[in-house]
Q: 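Could you have a look at this structure, given as structure tokens, before my questions?
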Amino acid sequence: MAKSGKELDGQSVAAFTVLKRAVELDSESRYQQALVCYQEGIDLLMQVLRGTKDDTKKCNLRKQITGYMDRAEIVKKYLDQEKEDGKYHKQIKIEENATGFSYESLFQKYLNETVTEVWIQDPYIRQVHQLYNFLRFCEMLIKKPCKVKTIHLLTSLDVGSGKQQQSSGLQEIKESLQNHGVLLELEYSSSVHDREIRFNNGWMIKIGRGLDYFKKPQSRFSLGYCDFDLRPCHETTVDIFHNKHTKKI
């Protein structure tokens, strides 16, 4: 039985209400819920299309349905990839004096627009060069495509002559990040030993030497002083996991 215009209007309102919710969930990175709403809304809109007689309205509905279906397919592929990533474990062996292992080279492929929060556990963010390493890592995090809002650092407190240097350095980094709309939460522990970096998109990176795997440059004007891809490294191992493959901290 053909549906009346009033029934179709009601169904159309219901479809677009569900699809509006899908777009909201999508923008909040709640992709699983978004996909369910996209599928439900598209199904409702297809029913409206089948009951529509006007050719102009049909054409407009087809365009809208195609747009929502394209986005739903992108979301579905992303969720399928997440499931696949859960099986992921990669190990990188950095040889003594190797180059080409800047933070960008190691981490960039695991950073995307869904990354809003980062946890860094490293007991040695104390000395000047270690503070600069941490600063350089933070600089990478605030660049696109990331949308990082919070960085958590768990490190050990320097109880020696470098205590003031560590405290003031981290405070300056915190204030600088704040100017970019990013909160740095600092926590100190005397028992922290493991080195680990976690992103809230599920990726976890463990580096044997933490962030401090670069060698001291030969001079202030030698290659590698600024570009860390050209900086020789200490020997270390990098293990990359997805948290669906491991336990959380």
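If you're wondering where the values come from, they're calculated on a predicted model, not measured in any experiment.
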Q: Can you confirm whether I151 sits close enough to C138 that some side-chain heavy atom of one is under 4.5 Å from a side-chain heavy atom of the other?
A: yes

Q: Give me the atom names and distance for the closest heavy-atom approach of S12 to V48.
A: N-CG2, 3.7 Å

Q: Counting C-beta onward and ignoring hydrogens, is there a side-chain heavy-atom pair between L183 and K149 closer than 4.5 Å?
A: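 SC-SC contact between L183 and K149 ruled out.
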
Q: Taking NZ, NE, NH1 and NH2 as the nitrogens, is one of them in K174 or E185 under 4.0 Å from a carboxylate oxygen of the other?
A: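 Result for this pair is no, no salt bridge flagged.
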
Q: Between H152 and W119, how do the two ring planes meet: parallel, tilted or perpendicular, split at 30° and 60°?
A: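 Parallel.
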
Q: Quick check: closest heavy atoms across S156 and R126, and the distance to 0.1 Å?
A: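 Here S156 and R126 meet closest at OG-NH2, 2.8 Å.
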
Q: Just wondering, are more than 12 heavy atoms of other shown residues or ligands nearer than 6.0 Å to NZ in K215?
A: yes

Q: Evaluate the side-chain proximity of E73 to M69: yes if any heavy-atom separation is below 4.5 Å, no if none is.
A: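 Answer no - side chains too far apart.
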
Q: Just by distance, do the side chain of T236 and the backbone of R209 share a donor-acceptor pair under 3.5 Å?
A: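 Flag set: sc T236 to bb R209 pair under 3.5 Å.
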
Q: Can you tell me if K93 has over 12 outside heavy atoms packed within less than 6.0 Å of its NZ?
A: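 Yes - once you tally the heavy atoms of other residues, nucleotides and ligands closer than 6.0 Å, there are more than 12.
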
Q: Consider only side-chain heavy atoms of I, L, V, M, F, W and Y, link residues closer than 4.5 Å, and tell whether Y213 and I240 are in one cluster.
A: yes

Q: If you apply the rule side-chain contact (heavy atoms from CB on, under 4.5 Å), what do you find for T99 with L230, and how did you get there?
A: CA-CA 5 Å; T99 57; L230 299 175; 5.7 Å; no

Q: Going by atom types only, do H129 and D212 share a side-chain donor-acceptor pair under 3.5 Å?
A: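 Side chains of H129 and D212: pair found under 3.5 Å.
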
Q: Between E196 and K206, is there a side-chain N and carboxylate O pair less than 4.0 Å apart?
A: yes

Q: Would L131 and L184 show up in the same hydrophobic cluster when neighbours are defined by side-chain heavy atoms closer than 4.5 Å?
A: yes

Q: If we ignore angles and hydrogens, is there a donor and acceptor under 3.5 Å between the side chains of S102 and R136?
A: no

Q: Take L35 and L79 through the side-chain contact (heavy atoms from CB on, under 4.5 Å) test and state the conclusion after the steps.
A: CA-CA 9 Å; L35 183 59; L79 291 171; 3.9 Å; yes

Q: Find out if a path of hydrophobic residues (ILVMFWY) with successive side-chain heavy-atom gaps under 4.5 Å connects L19 to V36.
A: no

Q: Provide the closest heavy-atom pair for S219 versus Y225 in the form atom of the first, atom of the second, distance.
A: O-CD1, 3.4 Å

Q: Side-chain contact, heavy-atom cut-off 4.5 Å: L44 with V18?
A: yes

Q: Shortest non-hydrogen contact from Y68 to V23?
A: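 Nearest pair, atom of Y68 first, then V23: CE2-CG2, 4.2 Å.
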
Q: Measure centre to centre between the rings of Y103 and F134, then say whether the value is under 6.0 Å.
A: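 Ring centres of F134 and Y103 not closer than 6.0 Å.
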
Q: State, without any angle test, whether Q166 and D158 hold a side-chain donor-acceptor pair at a distance under 3.5 Å.
A: no

Q: Ion pair present between E24 and R21, side-chain N to carboxylate O less than 4.0 angstrom?
A: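 Result for this pair is yes, salt bridge flagged.
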
Q: Under 6.0 Å between ring centres, would you say that holds for Y110 and F199?
A: no

Q: With a 4.5 Å cut-off on side-chain heavy atoms, are M204 and I197 touching?
A: no

Q: Donor-acceptor pair, S167 side chain versus K163 backbone, under 3.5 Å?
A: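 Not confirmed, S167 side chain does not pair with K163 backbone.
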
Q: Can you find a heavy atom in the side chain of Y188 that is under 4.5 Å from one in the side chain of L170?
A: yes

Q: Flag yes if I205 and L153 sit in one hydrophobic cluster, no otherwise; membership is Ile, Leu, Val, Met, Phe, Trp, Tyr, and two members link when side-chain heavy atoms are under 4.5 Å apart.
A: yes

Q: For the side chain of S176 and the backbone of E172, is there at least one donor-acceptor N/O pair under 3.5 Å apart?
A: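 No: the side chain of S176 does not pair with the backbone of E172.
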
Q: Looking only at heavy atoms, which two atoms of H242 and N201 are closest? And how far apart?
A: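 For H242 versus N201, the nearest heavy atoms are NE2-O, 3.4 Å.
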
Q: Check whether any side-chain heavy atom of R71 sits under 4.5 Å from a side-chain heavy atom of D26, and report yes or no.
A: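 Yes; the side chains approach each other to less than 4.5 Å.
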
Q: If you measure only the distance, is there a donor-acceptor pair under 3.5 Å linking the side chains of T52 and D54?
A: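 No - no donor-acceptor pair under 3.5 Å links their side chains.
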
Q: Heavy-atom count around M46 CE within 6.0 Å, excluding the residue itself: above 12?
A: no

Q: Could you check if a side-chain atom of D227 sits within less than 4.5 angstrom of a side-chain atom of R231, using non-hydrogen atoms only?
A: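 No, side chains not in contact.
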
Q: Is the ring centre of F107 less than 6.0 Å from the ring centre of F137?
A: yes

Q: Can you hop from I207 to V118 via hydrophobic side chains spaced under 4.5 Å?
A: yes

Q: Closest approach of F101 and C233, non-hydrogen atoms and distance?
A: CB-SG, 4.1 Å

Q: For T155 and D122, which I'm curious about, is there any donor-acceptor pair between the side chains at under 3.5 Å?
A: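 Absent: no donor and acceptor within the cut-off.
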
